Visitor: 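Supplied in structure tokens, the structure appears directly below.
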Amino acid sequence: MTLFNSGKKLLQGTAFAGALAVSATAVQAADMTFRGASLFDNEHAYSKTLIRFGELVNEYSGKDIEFDLRGNSELGIEPDYINFLNQGVAIDYAIAAPSNLARFAPSVPLMDMPFVFRDLDHWNAVLSSGVLKPLEDVILERADIKVIGYAGGGTRNLISNKQISNMEELAGHKMRVMGAPIQARVFEALTAAPSAIAYSEVYNAIQTGVVDGLENESASLLQYKFFEVAPHVTLTQHSITVRPILFSGKSFAKLSPEMQEVVLRAGKEAGEYGRELESRQDGEKLKQMEAAKQIQVHPFAERAKLLDLVIPVQDSYAKELGAEDLLQAIREK
């Protein structure tokens with residue numbers, strides 16, 4: 001075992017032990033406390049969304065409930081959050097990418113499959129409509145995690161250590177993708193060479209040449225300073241992030257029916273707040289980095305070709321999952 005791996009395991013173990021140490025305080029009957037987790041600091045849209053959730057719960061419940069949000073990956077990373085929420089330990093609520101739920105429900109990554117949304121209006125219409133309820137039901141049944149709202153709103157582009165502006169330059173491009181199989185399939189169809197790498201390892205993987213880049217939105221590019229190793233942003237605009245606000249099913253079941261209604265209302269409204277916030281900030285942060293000469297932004301000359309290549313992949317994936325009706329409902333919204 002390398003020193004790096006040993007250190008990584010030690011850090012993971014420390015995060016897990018710390019999470020377990022605080023788990024006993026979550027959702028106490030007398031002095032109610034909800035504990036949340038975020039990868040980011042309190043200035044990130046996801047953290048602000050979770051803070052807003054807490055404010056709304058207190059407003060609608062008329063109570064003074066403590067919301068203990070642990071940011072900056074203090075309690076690990078998103079796969080850890082899913083484990084904690086599923087087990088009913090350490091945390092009660094979090095925001096996570098749908099790909100982290102794929103092991104419980106393989107169809108969940110349809111929520112933010114590349115190129116599934118035409119634009120921000122279509123994305124917002126889908127998230128406000130109840131179209132995704134079949135996926136929410138599967139998550140609750142198989143993972144015991146309740147979706148209480150939808151945040152997100154960052155437009156995802158290619159981020160690379162070299163310029164990519166057409167199909168020829170995209171061919172063979174080594175890039176990090178999220179762990180859901182549909183992510184790899186889509187970018188393979190686009191002739192790139194995707195690899196699923198842990199998010200915490202991406203910066204080093206680019207630095208050492210394991211991959212040449214990743215795909216992500218502006219906030220994460222800025223927060224994690226990926227521009228230091230990958231300063232080229234290609235406007236593929238292939239995805240608009242969907243980030244479910246998640247609540248532990250075990251924690252939810254401990255609440256009174258009245259508090260359950262409050263949590264659901266607050267989650268929905270916090271999601272609406274988060275979507276407006278992140279979608280607005282996304283373009284602002286891209287311009288900020290470009291003005292500071294931290295990145296170079298490139299259009300993609302053959303985006304229509306990307307759409308042609310990806311539709312058969314989407315159709316095939318939905319058919320495998322028995323989710324053709326869901327995909328069609330998303331497209332028609």
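What you see is a predicted model; the values in this text were computed from it and never measured.
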Visitor: Is any side-chain heavy atom of Asn157 closer than 4.5 Å to one of Glu217?
Guide: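 Not in contact.
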Visitor: Looking at Val126, is its backbone amide N or carbonyl O close enough to the side chain of Ser129 to form a donor-acceptor pair, meaning the two atoms are under 3.5 Å apart?
Guide: yes
Visitor: Checking side chain to side chain contact (heavy atoms under 4.5 Å, CB included) for the pair Leu132/Ile330: CA distance, chi angles, key distance, verdict?
Guide: CA-CA 8 Å; Leu132 299 179; Ile330 292 173; 4.0 Å; yes
Visitor: Does a side-chain heavy-atom distance below 4.5 Å link Arg265 with Leu56?
Guide: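 Heavy-atom side-chain distance check fails, nothing below 4.5 Å.
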Visitor: Looking only at heavy atoms, which two atoms of Trp123 and Ala151 are closest? And how far apart?
Guide: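 The answer is CZ2-O, 4.4 Å.
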Visitor: Go through the steps for Tyr150 and Glu272 under the test side chain to side chain donor-acceptor pair (under 3.5 Å), then give the verdict.
Guide: CA-CA 7 Å; Tyr150 290 100; Glu272 293 168 355; over 6 Å; no
Visitor: Indicate the ring-plane relationship of Phe247 and Phe252, choosing parallel, tilted or perpendicular according to the 30° and 60° boundaries.
Guide: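 Geometry flag for Phe252 against Phe247: perpendicular rings.
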Visitor: Could you tell me the separation between the CD1 atom of Ile164 and the CG atom of Leu235, rounded to the nearest 0.5 Å?
Guide: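 Rounded to the nearest 0.5 Å, the CD1-CG separation comes out at 12.0 Å.
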Visitor: Are Leu120 and Leu277 grouped together when hydrophobic residues (ILVMFWY) are joined by side-chain heavy atoms under 4.5 angstrom apart?
Guide: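 As far as the 4.5 Å side-chain criterion goes, Leu277 and Leu120 are not connected within one cluster.
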Visitor: Check this for me: Lys63, atom NZ, are more than 12 non-hydrogen atoms of other residues, nucleotides or ligands nearer than 6.0 Å?
Guide: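 At most 12 heavy atoms, drawn from other residues, nucleotides or ligands, come within 6.0 Å of this atom.
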Visitor: Taking all non-hydrogen atoms of both residues, which atom of Phe115 and which atom of Leu307 are closest, and how far apart?
Guide: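 Closest approach of Phe115 to Leu307: CD2-CD2, 3.3 Å.
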Visitor: Ignoring hydrogens and angles, tell me if any N or O in the side chain of Thr241 forms a donor-acceptor pair with the backbone of Gly153 under 3.5 Å.
Guide: yes
Visitor: For a quick test of your reading: what N or O donor-acceptor pairs under 3.5 Å do the side chains of residues 175-192 make, sequence neighbours left out?
Guide:
{"from": "Arg176", "atom 1": "NE", "to": "Ile197", "atom 2": "O", "distance (Å)": "2.8"}
{"from": "Arg176", "atom 1": "NH2", "to": "Ile197", "atom 2": "O", "distance (Å)": "3.2"}
{"from": "Arg185", "atom 1": "NH1", "to": "Glu320", "atom 2": "OE1", "distance (Å)": "3.2"}
{"from": "Arg185", "atom 1": "NH1", "to": "Glu320", "atom 2": "OE2", "distance (Å)": "2.8"}
{"from": "Arg185", "atom 1": "NH2", "to": "Glu320", "atom 2": "OE1", "distance (Å)": "3.0"}

Visitor: Taking ring-ring contact (aromatic ring centres under 6.0 Å, His included) as the test, write out the residues that go with His44, two or more places apart.
Guide: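 Partners of His44 under the ring-ring contact (aromatic ring centres under 6.0 Å, His included) test: Phe40, Tyr46.
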Visitor: Carefully, step by step, assess Val116 and Leu110 under the rule side chain to side chain contact (heavy atoms under 4.5 Å, CB included).
Guide: CA-CA 8 Å; Val116 75; Leu110 282 174; over 6 Å; no
Visitor: Can you find a side-chain donor-acceptor pair between Ser128 and Arg275 that sits under 3.5 Å?
Guide: yes
Visitor: Mark yes or no for whether Thr49, through its side chain, and Ala45, through its backbone, hold a donor-acceptor pair below 3.5 Å.
Guide: yes
Visitor: Crowded around Lys268 NZ? As in, over 12 foreign heavy atoms under 6.0 Å?
Guide: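 Incorrect, the count does not exceed 12.
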Visitor: Indicate yes or no: does Glu215 engage Arg156 in a salt bridge with an N to O separation below 4.0 Å.
Guide: yes
Visitor: Determine whether Tyr81 and Ile91 make a side-chain contact, defined as any pair of heavy atoms from C-beta on separated by less than 4.5 Å.
Guide: yes
Visitor: Search all heavy atoms of Arg331 against all heavy atoms of Arg118 and return the closest pair with its distance.
Guide: O-NH1, 2.8 Å
Visitor: Do the side chain of Asp41 and the main chain of Asn72 share a donor and acceptor less than 3.5 angstrom apart?
Guide: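 Answer holds: no.
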Visitor: Nearest 0.5 Å, what's the CG-NE2 distance between Asp119 and His122?
Guide: 8.0 Å
Visitor: Ignoring hydrogens and geometry beyond distance, is a side-chain donor-acceptor pair present between Tyr273 and Glu55 at under 3.5 Å?
Guide: no
Visitor: Under a 3.5 Å distance rule, please check whether Asp282 uses its side chain to pair with a backbone N or O of Ser218 as donor and acceptor.
Guide: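 Looks like yes, one N/O pair under 3.5 Å.
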Visitor: Answer whether the closest heavy-atom distance between the side chains of Met111 and Leu135 falls below 4.5 Å.
Guide: yes
Visitor: Is there a donor in the side chain of Glu78 and an acceptor in the side chain of Asn100, or the other way round, less than 3.5 Å apart?
Guide: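 The answer is yes; a qualifying pair exists.
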Visitor: Could you tell me the separation between the CD atom of Glu261 and the CG atom of Leu255, rounded to the nearest 0.5 Å?
Guide: 11.0 Å
Visitor: Is any NZ, NE, NH1 or NH2 atom of the basic residue among Asp112 and Arg243 found under 4.0 Å from an Asp or Glu carboxylate oxygen of the other?
Guide: yes
Visitor: Verify the distance criterion only: is there a donor paired with an acceptor across the side chains of Glu228 and Tyr203 at less than 3.5 Å?
Guide: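 Short answer, yes.
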Visitor: Around Asp308, counting heavy atoms of other residues, nucleotides and ligands shown, do more than 12 lie under 6.0 Å from its CG?
Guide: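 For Asp308, atom CG is crowded (more than 12 foreign heavy atoms under 6.0 Å).
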Visitor: Kindly compute the distance separating CD1 (Ile145) from CG (Leu85), expressed to the nearest 0.5 Å.
Guide: 5.0 Å
Visitor: Decide, yes or no, whether a salt bridge links Lys133 with Asp137 under the criterion of side-chain N to carboxylate O below 4.0 Å.
Guide: yes
Visitor: Is it the case that Gln328 and Glu332 place a side-chain donor and acceptor less than 3.5 Å from each other?
Guide: yes
Visitor: Can you tell if the side chain of Val233 reaches within under 4.5 Å of the side chain of His298, non-hydrogen atoms only?
Guide: no
Visitor: Under the side chain to side chain contact (heavy atoms under 4.5 Å, CB included) test against Leu246, which residue among Leu101, Asp92, Ile95 passes?
Guide: Leu101
Visitor: Assess whether a salt bridge exists between Glu284 and Lys287, defined as any Lys/Arg side-chain N lying under 4.0 Å from an Asp/Glu carboxylate O.
Guide: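 The answer is no: the pair does not qualify as a salt bridge.
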Visitor: How many angstroms lie between atom CZ of Arg52 and atom CD1 of Ile245, to the nearest 0.5 angstrom?
Guide: 11.5 Å
Visitor: I want to check something: taking the side chain as every heavy atom from C-beta on, are Met259 and Met32 in contact at a cut-off of under 4.5 Å?
Guide: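 Answer yes - side chains close enough.
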Visitor: Taking all non-hydrogen atoms of both residues, which atom of Asp80 and which atom of Leu75 are closest, and how far apart?
Guide: CB-O, 4.0 Å
Visitor: Run the salt-bridge test on Glu276 and Arg280 with the 4.0 Å N-O cut-off and return the result as yes or no.
Guide: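 Salt bridge present between Glu276 and Arg280.
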Visitor: Checking side chain to side chain contact (heavy atoms under 4.5 Å, CB included) against Phe104, which of Leu140, Asn86, Val138 comes through?
Guide: Asn86
Visitor: On a heavy-atom basis, which atom in Pro114 and which in Val310 lie closest, and how many Å separate them?
Guide: O-CG2, 4.2 Å
Visitor: Between Arg303 and Gln237 (side chain of the first, backbone of the second, donor and acceptor by atom type, cut-off under 3.5 Å), is there such a pair?
Guide: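 Flag set: sc Arg303 to bb Gln237 pair under 3.5 Å.
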Visitor: Please name the pair of heavy atoms, one in Ile82 and one in Ala96, separated by the smallest distance, quoted to 0.1 Å.
Guide: CD1-CB, 4.0 Å
Visitor: Going by the rule ring-ring contact (aromatic ring centres under 6.0 Å, His included), which residues pair with Tyr199 if we only count those two or more places apart in sequence or in a different chain?
Guide: Tyr224, Phe226
Visitor: Are the side chains of Leu170 and Phe300 in touch, meaning some heavy atoms are under 4.5 Å apart?
Guide: yes
Visitor: Side chains of Tyr93 and Leu69: does their closest heavy-atom pair fall under 4.5 Å?
Guide: yes
Visitor: Measure the CG-NZ distance between Leu214 and Lys174 for me, rounded to the nearest 0.5 Å.
Guide: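 The CG atom of Leu214 sits 14.0 Å away from the NZ atom of Lys174.
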